[in-house]
Amino acid sequence: MTSSEHDEKRSDLHPEEVSYNGLLARRAAELALEKKCEQVRILDLKGLTSITDYFVIVTADSERKAKAAAEHIIEELKADNERPMHVEGMDSMHWILLDYIDVVVHIFMPEERSFYDIESLWSDAPVTTVN
């Protein structure tokens, strides 16, 4: 294949557009994984609600891990000039919510994640599993 043929093939490619909020959700999910959280999923809520664009839902199997993940996400995103508008649940550690307006991070203990079952409530949202 000649260089010009290769360039023609490349011009046919249309990379998927990724929004800033999508990147922020992905970054939060990856930061949760760094603290050994499990079942990390991103729900794309664009077009389904005006509340937010993305939910990042993760499971922490201990209160210590939940706290570490929340603090890690807050600190690392702060370094990227992102600060949560609201933080909830740091006192009980069973369901921590980090509200970045267009991205809301939910850090659950296993029992609470199963009980509230957010994925079922938003079952029509596209889901990305992050490993």
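None of the values given here were measured: they were computed from a predicted structure. The analysis underlying the following values was restricted to heavy atoms, covering all of them including side chains, and did not include hydrogens, waters or symmetry mates.
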Look up atom CE in M109 and atom OG in S114, then write down how far apart they are to the nearest 0.5 Å. 13.0 Å
Above 12 or not: heavy atoms from other molecules or residues under 6.0 Å from NZ of K67? no
To the nearest 0.5 Å, what is the distance between CG (D102) and OG1 (T52)? 5.5 Å
Looking at every non-hydrogen atom in both residues, tell me the closest pair between A29 and V130 and how far apart they are. CB-CG2, 3.9 Å
Does L24 share a hydrophobic cluster with V40, counting links as ILVMFWY side-chain heavy atoms below 4.5 Å and allowing steps through other members? yes
Could you go through D44 and T128, starting from their C-alpha distance and side-chain angles, then the distance that decides it, and tell me whether this counts as side chain to side chain contact (heavy atoms under 4.5 Å, CB included)? CA-CA 8 Å; D44 183 345; T128 302; over 6 Å; no
Check the pair I107, I73 against side chain to side chain contact (heavy atoms under 4.5 Å, CB included), reporting the backbone distance first and the verdict last. CA-CA 11 Å; I107 303 170; I73 292 167; 4.2 Å; yes
Correct closest heavy-atom pair for A60 and C37 would be CB-SG, 4.2 Å
Identify the two heavy atoms, one from S92 and one from H94, that lie closest to each other, and give their separation to 0.1 Å. O-CD2, 2.9 Å
In this structure, would L98 and I118 fall into the same cluster of hydrophobic residues linked by side-chain contacts under 4.5 Å? no
Is E71 salt-bridged to K35, going by a charged N under 4.0 Å from an acidic O? no
Start with the C-alpha distance between R27 and E30, add both sets of side-chain angles, then the distance that settles salt bridge (charged side-chain N to carboxylate O under 4.0 Å, His left out), and finish with yes or no. CA-CA 5 Å; R27 176 90 167 113; E30 290 171 350; 5.6 Å; no
Transitively linked via ILVMFWY side-chain contacts under 4.5 Å: F108 with F55? yes
State whether the side chain of D99 and the backbone N or O of I101 hold a donor-acceptor pair below 3.5 Å, judged by distance alone. yes
Starting at OG1 of T59, measure out to CD of E38 and round the result to the nearest 0.5 Å. 7.0 Å
Short side-chain to backbone donor-acceptor contact, R113 and Q39, under 3.5 Å: yes
Going by the side chain to side chain contact (heavy atoms under 4.5 Å, CB included) test, name the single residue among D53, L48, V127 that passes it with L43. V127
With hydrophobic residues grouped by side-chain heavy-atom distances under 4.5 Å, do I42 and V103 end up in a single group? yes
Are L97 and I74 connected in the hydrophobic side-chain network, where two residues link if heavy atoms are under 4.5 Å apart? no
I96 pairs by side chain to side chain contact (heavy atoms under 4.5 Å, CB included) with which of H106, E63, M90, E112? M90
Min side-chain heavy-atom separation H86-E88 under 4.5 Å: yes
Grab the two heavy atoms, one from Y54 and one from G22, that are nearest each other, plus how far apart they are. CE1-N, 3.4 Å
Starting at OH of Y100, measure out to CE of M85 and round the result to the nearest 0.5 Å. 12.5 Å
Atom CG of L31 and atom CZ of R26: how far apart are they, to the nearest 0.5 Å? 11.5 Å
State which residues pass ring pair (Phe, Tyr, Trp, His ring centres under 6.0 Å) with Y116; sequence neighbours excluded, sorted by chain then number. W95
Supply the atom-to-atom distance K46 NZ to T49 OG1, rounded to the nearest 0.5 angstrom. 13.0 Å
